[in-house]
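The structure appears below as structure tokens.
Each chain gets a letter, A, B and so on, in the order the sequences are listed, and its residues count up from 1.
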Number of protein chains: 2
Amino acid sequence: MGALKLSLEAFAELSSQDRTLIERLAGKSVREVAPRRDLVREGDRPRAVALMLEGWACRYKQFPDGRRQIVGFHIPGDLCDSGLSIVREMDHSIGAVTRLSYAEIGLADFEALIAQSPVVARALRWNELVNAAIAREWVANVGQRSAYERLAHLFCELFLRLKAVGLTDGESCYFPLTQMDLASAVGLTSVHVNRTLQEMRRDGLLTFGFKRLVIPDLEALKRVAMFNANYLHLGMSGGLPD
Amino acid sequence: MGALKLSLEAFAELSSQDRTLIERLAGKSVREVAPRRDLVREGDRPRAVALMLEGWACRYKQFPDGRRQIVGFHIPGDLCDSGLSIVREMDHSIGAVTRLSYAEIGLADFEALIAQSPVVARALRWNELVNAAIAREWVANVGQRSAYERLAHLFCELFLRLKAVGLTDGESCYFPLTQMDLASAVGLTSVHVNRTLQEMRRDGLLTFGFKRLVIPDLEALKRVAMFNANYLHLGMSGGLPD
DNA sequence: CGTCTGATTGAACTGATTCAACGGATGTGG
DNA sequence: CCACATCCGTTGAATCAGTTCAATCAGACG
């Protein structure tokens, strides 16, 4: 995982020792998941922490009647469930969006890591807080914004998060979500997402398709989304914003 | 605060020493806030942890154009922002719904408390995780449920949380939210909340008014809300469910 | 009393859903 | 290499849940 930049590194300056510690753990047990398979299912007892290496995952809640809401995405460099060892059972599922690989870090190793490096421990708490902040932002997104604004906001968030871990290429990035994924993330139907995306393309805000997203003018997109990056709490060290 | 039951106590069995430690801190600096005033404003640097003693508060996000989304409520016994000392600035505001009093716990005292009691430290992490889980549940609530279901779900959540800290009285509880508060918590207009509440009353699901909520048949309400209490992660010790 | 804030009602409107069909790309097995 | 299936994106038309605007009403409070 030499090239991998951790999302933690947007929160804290990790020493080379810290990185070595983490890399050693990450090498121990790498798992692969096929696209659209679940990593963890609601009701499971959480067993381990996952460091995302490649591919995208989503957290989602499924209702008895089949409705489904995505409540967050995870991209490479993200650390999932660093706190959930405390919890008895998962209240939602995590599914692979693409083919995906992650490093499974056992609880004992994880606790040892925290004990060894206060910087890492602090970054982990930060990570948890940011996850919660993202969830709150999503509430506001789905609760108050129009379809057009919601999608714009989601694109902004994901683009900035990808940028923070070095996964953007100028004004574009790999973007594997289908319109159905987008729909269940922003609480709309895929039909309406489709029509809204057409509108956004017409307005020159973005190009979307073939698993790539291009945002020619990020500032313009932020403006229509009323996007304020403060909730990502980036920029403690490198990474972002700008 | 002899009578106060902490929401933490739904997660961990606190020893009498733990409680004494907390009570001593809580006595140090008690603050009062008038209804509809802000405790913390977006952009502020968080300074202290707040232990809610009396009254209700809400977390909310306000957009430049005036739209407003409530992203969570806090009731007596809740501990707010136990993690936010790490964060540079608040990404949302906290406002008093009612007249309210809380104990402000300084960071130094707080860190000392954590260091002294591993049980409390663990309960605090649990508390943070539950807050995040609630936010995710709200995303699903606003994203997927109908107006009728959304309100039912919110009532279920608040009733159970109140019950967990001993603030319910059989099938009823003190409930100071206005229809406008409800509206901006579930992402609807107050007009539509009003009409939906009338429907719910007609269906015998609840009585609401005069700052009291009565739920004659909680199971029925849960059913229409598709409410699953798992995300509250109660029931480690006393409190709940059932 | 007069003034607020919050609850209630009505009527017109609209953003988003629903249902149903079709098209294009990709993959797979024979 | 074709036949078939599947997944995803696209389109149209009808419908509906929730909004908007505007007026009225009721209780609370100085």
Show me the protein contacts with nucleotides 20-24 of chain D, counting only N or O atoms at under 3.5 Å.
from: dT20(D); atom 1: O4; to: Arg195(B); atom 2: NH2; distance (Å): 3.0

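- Applying the salt bridge (charged side-chain N to carboxylate O under 4.0 Å, His left out) test to pairs two or more places apart or on separate chains, none has a residue in residues 167-176 of chain B.
- Between Asn194(A) and the phosphate of dT10(D), there is a side-chain N or O to OP1/OP2 separation shorter than 4.0 Å.
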query: Can you check side-chain contact (heavy atoms from CB on, under 4.5 Å) on Met200(B) and Leu221(B), steps first, answer last?
result: CA-CA 10 Å; Met200(B) 296 177 83; Leu221(B) 191 64; 4.0 Å; yes
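- Distances shorter than 4.0 Å separate none of the side-chain N or O atoms of Gln198(B) from OP1 or OP2 on dA7(C).
- When the side-chain nitrogen and oxygen atoms of Gln179(B) are compared with OP1 and OP2 of dT5(C), none of them lie within a distance under 4.0 Å.
- Residue Ser146(A) is in sugar-phosphate contact alone, with no base atom involved, counting any heavy-atom pair closer than 4.0 Å across all strands shown.
- As a whole-Å value, the separation of Phe208(B) CZ from dG6(C) P is 12 Å.
- Arg67(A) comes within 4.0 angstrom of nothing in the nucleic acid, heavy atoms only.
- Counting to the nearest Å, the P atom of dA17(D) and the CG atom of Leu188(B) are 13 Å from each other.
- Spacing between atom NZ of Lys211(B) and atom C1' of dG27(D) amounts to 12 Å, rounded to whole angstrom units.
- Using cut-offs of 30° and 60° on the angle between ring planes, the pair Phe208(A) and Phe155(A) is tilted.
- Glu42(A) and Asn230(B) are linked by a side-chain donor-acceptor pair at a separation below 3.5 angstrom, with hydrogens and angles left out of the test.
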message: Between Tyr148(B) and Leu151(B), does the side-chain contact (heavy atoms from CB on, under 4.5 Å) criterion hold? Intermediate values first, please.
response: CA-CA 6 Å; Tyr148(B) 195 94; Leu151(B) 285 167; over 6 Å; no
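- As rounded to whole Å, 12 Å separates atom C1' of dA16(C) from atom CD of Glu199(A).
- Annotation: cation-pi pair Arg212(B)/Phe175(B) absent, no NZ/CZ under 6.0 Å from the ring centroid and within 45° of its normal.
- The residue among Phe210(A) and Arg150(A) whose nearest nucleotide of DNA chain C lies closer to the 5′ end is Arg150(A).
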